[in-house]
Amino acid sequence: MELLNNDQILNMYDQLEVSVAIIDRDLKIIYLNQTAQKFYSKIFGERNYLGYSTKQCHSKVNQGNIEALFLMFAMGKKMNFYHIHFPQAEGGEVTVLQFPYTVNGNIEGIIEMNIESSLAHGGRGEYRRVFEK
């Protein structure tokens, strides 16, 4: 099997049923897959989210929390995750996974994955297992 090229990799991300977005240090969305575009439109309203500044949908407190997350990533934190209630999401719950996005060893942004249907204990995602023990 040959190595994937950039177009094949982007196509692969577009096939995921998981919202994937990259947000730069200025909180601007610099990449999102098709699922992310649909997810953000469903949750926050119809618009093209590529190039969108998420400062418009985060309070000053949340913007401070995001800056703290950048600091935690710089100190070695590998991942952040939380569960949030969005009535518009499937099951009303979303699990958010966040990872540092680095370029040449420097943290340049956050990779954010949103999974509709919480994966938390007792969340709807817990009951969607493909295989049982």
Side-chain angles (χ1 to χ4, degrees):
M1 179 177 264
E2 293 184 32
L3 297 176
L4 298 175
N5 65 37
N6 288 342
D7 289 338
Q8 290 169 314
I9 292 169
L10 292 175
N11 184 44
M12 178 184 65
Y13 281 119
D14 277 337
Q15 293 176 40
L16 289 176
E17 290 296 321
V18 172
S19 165
V20 178
I22 300 175
I23 301 155
D24 71 7
R25 293 295 305 235
D26 294 325
L27 305 185
K28 182 174 69 175
I29 298 173
I30 59 173
Y31 169 79
L32 74 162
N33 67 355
Q34 292 174 8
T35 303
Q37 175 62 47
K38 291 175 191 171
F39 172 76
Y40 292 141
S41 290
K42 179 168 51 170
I43 302 299
F44 302 112
E46 289 286 333
R47 70 167 36 90
N48 180 2
Y49 283 93
L50 186 60
Y52 181 76
S53 173
T54 64
K55 285 182 181 179
Q56 299 174 48
C57 61
H58 286 293
S59 68
K60 291 289 185 193
V61 170
N62 282 347
Q63 289 178 40
N65 290 340
I66 295 167
E67 282 303 315
L69 182 59
F70 275 110
L71 181 60
M72 289 188 293
F73 284 151
M75 294 171 52
K77 185 175 180 79
K78 303 289 184 204
M79 179 183 83
N80 185 56
F81 71 93
Y82 59 93
H83 310 285
I84 188 167
H85 177 73
F86 282 125
Q88 308 91 323
E90 179 184 335
E93 301 291 330
V94 174
T95 296
V96 180
L97 304 169
Q98 297 168 319
F99 305 89
Y101 167 63
T102 62
V103 176
N104 299 322
N106 297 317
I107 297 171
E108 297 294 333
I110 295 172
I111 300 169
E112 183 172 279
M113 302 173 87
N114 295 286
I115 304 167
E116 289 189 72
S117 212
S118 177
L119 301 179
H121 180 69
R124 287 178 42 122
E126 181 178 24
Y127 303 107
R128 293 191 160 189
R129 296 183 178 149
V130 175
F131 300 105
E132 294 293 330
K133 293 183 182 179

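Both backbone and side-chain heavy atoms feed into the values below; hydrogens, waters and symmetry mates do not. Keep in mind that what you see is a predicted model, and the values were worked out from it rather than measured. Throughout, numbering of the chain's residues begins at 1 and tracks the sequence.
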Q. Closest approach of K42 and E116, non-hydrogen atoms and distance?
A. NZ-OE1, 2.8 Å
Q | All side chain to side chain contact (heavy atoms under 4.5 Å, CB included) counterparts of Q63, not counting sequence neighbours | A | L27, K55, H58, K60
Q.
Show the nearest heavy-atom pair for residues Q88 and I43, with the distance to one decimal.
A. NE2-O, 3.2 Å
Q. Do L32 and Y52 come close enough that some side-chain heavy atom pair is under 4.5 Å?
A. no
(Q) Going by the rule side-chain hydrogen bond (donor to acceptor under 3.5 Å, both in side chains), which residues pair with S41 if we only count those two or more places apart in sequence or in a different chain? (A) Q37
Q.
Once rounded to the nearest 0.5 Å, what's the spacing between atom OG1 of T35 and atom CG of L16?
A. 7.0 Å
Q) Step by step, would you call D24 with Y101 a side chain to side chain contact (heavy atoms under 4.5 Å, CB included)? A) CA-CA 8 Å; D24 71 7; Y101 167 63; over 6 Å; no
**Q.** Pairing residues for E67 by the salt bridge (Lys or Arg N to Asp or Glu O under 4.0 Å) criterion, not counting sequence neighbours
**A.** R25
Q: Using side chain to side chain contact (heavy atoms under 4.5 Å, CB included) as the criterion, point out the one residue from T95, V18, V96 that pairs with M113.
A: V18
Q. Given F73 and T102, is the side chain to side chain contact (heavy atoms under 4.5 Å, CB included) satisfied, shown in steps?
A. CA-CA 10 Å; F73 284 151; T102 62; over 6 Å; no
Q) Are V61 and M72 in one and the same hydrophobic cluster, where Ile, Leu, Val, Met, Phe, Trp and Tyr link if side-chain heavy atoms are under 4.5 Å apart? A) no
Q. Is H85 close to E93 at the side-chain level, that is, under 4.5 Å between some pair of heavy atoms?
A. yes
Q: Go through the structure and list residues passing salt bridge (Lys or Arg N to Asp or Glu O under 4.0 Å) with K38, not counting sequence neighbours.
A: none
Q) Partners of Y82 by ring-ring contact (aromatic ring centres under 6.0 Å, His included), sequence neighbours excluded? A) none
Q: Could you tell me whether the side chain of N33 and the main chain of V20 form a donor-acceptor pair under 3.5 Å?
A: yes
Q | ring-ring contact (aromatic ring centres under 6.0 Å, His included) contacts in which one or both residues fall within residues 21-42, not counting sequence neighbours | A | Y40-Y49
Q. Should T54 and I29 count as side-chain neighbours, where that means a heavy-atom distance under 4.5 Å?
A. yes
Q: Quick one: name the residues clustered hydrophobically with M75, using the 4.5 Å side-chain heavy-atom rule over I, L, V, M, F, W, Y, and just say none if it's on its own.
A: L71
Q.
Can you list everything that forms a side-chain hydrogen bond (donor to acceptor under 3.5 Å, both in side chains) with K28? Sequence neighbours excluded, please.
A. none
**Q.** Considering all heavy atoms, the nearest A89-V94 contact
**A.** CB-CG2, 3.5 Å
Q.
Tell me the closest heavy-atom pair linking M79 and K77, and the distance in Å.
A. O-CE, 3.1 Å
Q: Applying side-chain hydrogen bond (donor to acceptor under 3.5 Å, both in side chains), name anything that partners N62, two or more places apart in sequence or on another chain.
A: none
Cut-off 3.5 Å, no hydrogens considered: what does the side-chain donor-acceptor table look like for residues 5-13, sequence neighbours left out?
unit_1	atom_1	unit_2	atom_2	d
N5	OD1	D7	N	3.0
N5	OD1	Q8	N	2.8
Q8	OE1	N5	N	2.7

Q) Has the side chain of N106 got a donor or acceptor atom that lies under 3.5 Å from a matching backbone atom of E108? A) no
Q.
What I'd like to find out is whether the side chain of F44 reaches to under 4.5 Å of the side chain of F86, using heavy atoms alone.
A. yes
Q) In Å and rounded to the nearest 0.5 Å, what is the CZ to CD distance from R47 to Q56? A) 6.5 Å
